[in-house]
Amino acid sequence: MKFNVNKCSVMHFGYANPKFKYKMGDQELQETEEEKDLGVYVNSSMKFGRQCAESVKKANRIIGIIKRNFTNFDRKVVLNLYKALVRPHLDHCVPVWKPYLRKDIQLLEGVQRRMTKIIHGMRNKTYEERLKELRLMTIEQRHLRQDMITFYNITQGRINMQIDNYVDILRESNTRGHNMKIRPSRVRLEERKNSYFKRIWKAWNKLPQEAVTAQTLNKFKNSIADCGIFKGRGDLLSR
């Protein structure tokens with residue numbers, strides 16, 4: 001396979017990275033600070049503010065198109081449009097880039113706030129009331145649920161990943177909860193503290209036994225539906 005050297009680049013990660021120069025043939029590869037891969041913006045600091053902004057921009061653009069081209073904004077129509085055309089932009093590959101800064105979380109939540117307001121009879125209700133009546137999770141809750149589903153698929157072998165490199169599975173029977181609790185490795189950097197395996201372990205360890213031992217994905221989803229870990233954050237539900 002031939003590579004176009006002009007389309008290849010090097011991204012350095014880590015504060016102590018010596019940033020060596022790399023060549024392909026006789027040509028030195030250019031350095032880059034940010035790249036888009038499979039629809040996700042990744043930068044050398046492993047912060048995903050750009051990805052959040054781009055996702056919100058696309059979702060809001062679709063909402064604008066819906067408002068200009070539809071006259072019927074009843075509940076069923078708007079929810080179907082939201083779930084099919086808008087929300088996928090907020091969910092795409094989210095286990096990779098799930099935000100941890102409150103400003104980014106609020107930015108994503110704003111899309112759902114806006115969409116639920118255009119439903120007939122919902123404008124004068126609080127965000128919490130709208131979610132309850134429409135039976136929707138906050139975006140933050142939904143992303144946590146996706147994190148749990150992803151890790152369940154990893155433990156079931158549906159995603160090919162050696163988790164031993166990231167967490168220890170504590171198969172203990174003398175502790176409260178299930179017997180597949182995990183413990184992540186220790187980290188120092190803020191970016192690592194909010195990486196996938198570091199952020200999911202507490203929520204995973206709180207799941208019931210019937211969830212982690214579920215034989216099918218649908219049974220797992222049903223088992224976690226009423227878990228306490230999906231209780232809303234007050235600052236997200238207050239508006």
Side-chain angles (χ1 to χ4, degrees), residues 36 38-41 48 50-100 102 104-153 158-159 196 199-200 203 207 211 214 216-233 235-239:
K36 185 180 181 181
L38 299 178
V40 178
Y41 287 92
F48 293 97
R50 170 79 183 277
Q51 175 64 28
C52 292
E54 292 295 330
S55 298
V56 168
K57 186 187 298 184
K58 291 177 183 178
N60 281 332
R61 189 181 300 127
I62 298 298
I63 293 177
I65 293 173
I66 291 171
K67 293 176 72 174
R68 290 192 298 272
N69 290 278
F70 284 80
T71 56
N72 181 8
F73 294 113
D74 68 31
R75 179 179 308 186
K76 184 176 180 180
V77 171
V78 174
L79 284 180
N80 285 338
L81 289 170
Y82 173 61
K83 293 176 181 179
L85 301 177
V86 179
R87 196 167 64 184
H89 290 293
L90 309 180
D91 290 345
H92 175 66
C93 293
V94 77
V96 175
W97 60 270
K98 180 183 175 184
Y100 60 91
R102 295 311 302 169
D104 291 332
I105 295 172
Q106 292 281 20
L107 189 65
L108 296 177
E109 207 70 46
V111 174
Q112 187 162 265
R113 292 180 192 277
R114 181 185 177 195
M115 193 69 184
T116 54
K117 265 189 177 182
I118 70 176
I119 298 174
H120 287 314
M122 293 289 175
R123 175 168 293 274
N124 296 323
K125 296 183 179 181
T126 66
Y127 185 48
E128 182 179 17
E129 290 171 341
R130 297 199 300 272
L131 292 183
K132 185 175 182 180
E133 191 166 334
L134 298 172
R135 302 184 67 182
L136 292 173
M137 293 181 176
T138 66
I139 298 301
E140 187 176 18
Q141 290 169 334
R142 181 172 174 80
H143 288 177
L144 175 60
R145 177 177 178 270
Q146 288 177 278
D147 279 345
M148 296 297 98
I149 291 172
T150 299
F151 192 72
Y152 171 77
N153 284 330
R158 298 190 178 103
I159 297 177
Y196 176 73
R199 72 171 182 256
I200 67 156
L207 294 181
T216 66
L217 181 58
N218 283 336
K219 287 183 179 179
F220 177 78
K221 290 178 180 179
N222 292 334
S223 296
I224 68 174
D226 299 320
C227 286
I229 63 173
F230 296 113
K231 291 181 179 179
R233 289 281 300 272
D235 55 340
L236 286 177
L237 297 174
S238 60
R239 288 179 288 173

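None of the values given here were measured: they were computed from a predicted structure.
Y196 contributes a side-chain N or O that, together with a main-chain N or O of D147, makes up a donor-acceptor pair within less than 3.5 Å. Of the possible polar contacts, one joining the H92 side chain to the L38 backbone as a donor-acceptor pair under 3.5 Å is found.
Nearest heavy-atom pair across I118 and M115 is CG1-O, 3.1 Å. Minimum interatomic distance between R87 and L136 (heavy atoms only, all atoms of both residues): NH1-CD2, 3.9 Å. For the pair A203 and M148, the tightest heavy-atom approach, listed with the atom from each and the gap, is CB-CE, 3.8 Å. When all heavy atoms of C52 and D104 are compared, the closest pair comes out as SG-CB, 3.8 Å. In plain terms, the two heavy atoms of K221 and I149 that are nearest each other are CE-CD1, 3.8 Å. Minimum interatomic distance between R130 and M122 (heavy atoms only, all atoms of both residues): CD-O, 3.3 Å.
From K125, atom NZ reaches atom CD of E133 across 3.0 Å, with rounding to the nearest 0.5 Å. Atom CG of N153 sits about 5.0 Å away from atom CD1 of I159, to the nearest 0.5 Å. Rounding to the nearest 0.5 angstrom, the gap separating the OG1 atom in T216 from the NZ atom in K219 is 5.0 Å. Taking CG of D91 as the reference point, atom NE2 of H143 lies at 4.5 Å (rounded to 0.5 Å). The distance from atom CG of N222 to atom CG of L217, rounded to the nearest 0.5 Å, is 9.5 Å. Atom CG of L107 sits about 11.5 Å away from atom CD1 of I139, to the nearest 0.5 Å.
F220 places a side-chain heavy atom less than 4.5 Å from the side chain of L207. Looking at heavy atoms from C-beta onward, L131 lies out of side-chain contact with Q141 at the 4.5 angstrom threshold. Contact of the T116 side chain with the L134 side chain is registered, since non-hydrogen atoms from C-beta on lie closer than 4.5 Å. Between Y152 and R158 the shortest side-chain heavy-atom distance falls below 4.5 Å.
There is no side-chain donor-acceptor pair under 3.5 Å between Q146 and T150.
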Would you list the atom pairs, donor with acceptor, under 3.5 Å between side chains in residues 78-86 and any protein atom, with sequence neighbours excluded?
{"unit_1": "N80", "atom_1": "ND2", "unit_2": "K76", "atom_2": "O", "d": "3.2"}
{"unit_1": "Y82", "atom_1": "OH", "unit_2": "Q112", "atom_2": "OE1", "d": "2.6"}

Would you tabulate the side-chain donor-acceptor contacts of residues 65-73 under 3.5 Å, counting partners in other chains and residues two or more places apart, or write 'none'?
{"unit_1": "R68", "atom_1": "NH1", "unit_2": "G64", "atom_2": "O", "d": "3.4"}
{"unit_1": "N69", "atom_1": "ND2", "unit_2": "I65", "atom_2": "O", "d": "2.7"}
{"unit_1": "N72", "atom_1": "OD1", "unit_2": "D74", "atom_2": "N", "d": "3.2"}
{"unit_1": "N72", "atom_1": "ND2", "unit_2": "D74", "atom_2": "OD2", "d": "3.3"}

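At a threshold of 4.0 Å, the pair E109-R113 does not count as salt-bridged, since none of the basic side-chain nitrogens sits closer than that to a carboxylate oxygen. Contact check on K36 versus E54 returns no salt bridge, with no Lys/Arg side-chain nitrogen under 4.0 Å from an Asp/Glu carboxylate oxygen. Between R102 and E140 a salt bridge is recorded (basic side-chain N to carboxylate O distance below 4.0 Å).
Remark: N218 engages no residue in a side chain to side chain donor-acceptor pair (under 3.5 Å) (not counting sequence neighbours).
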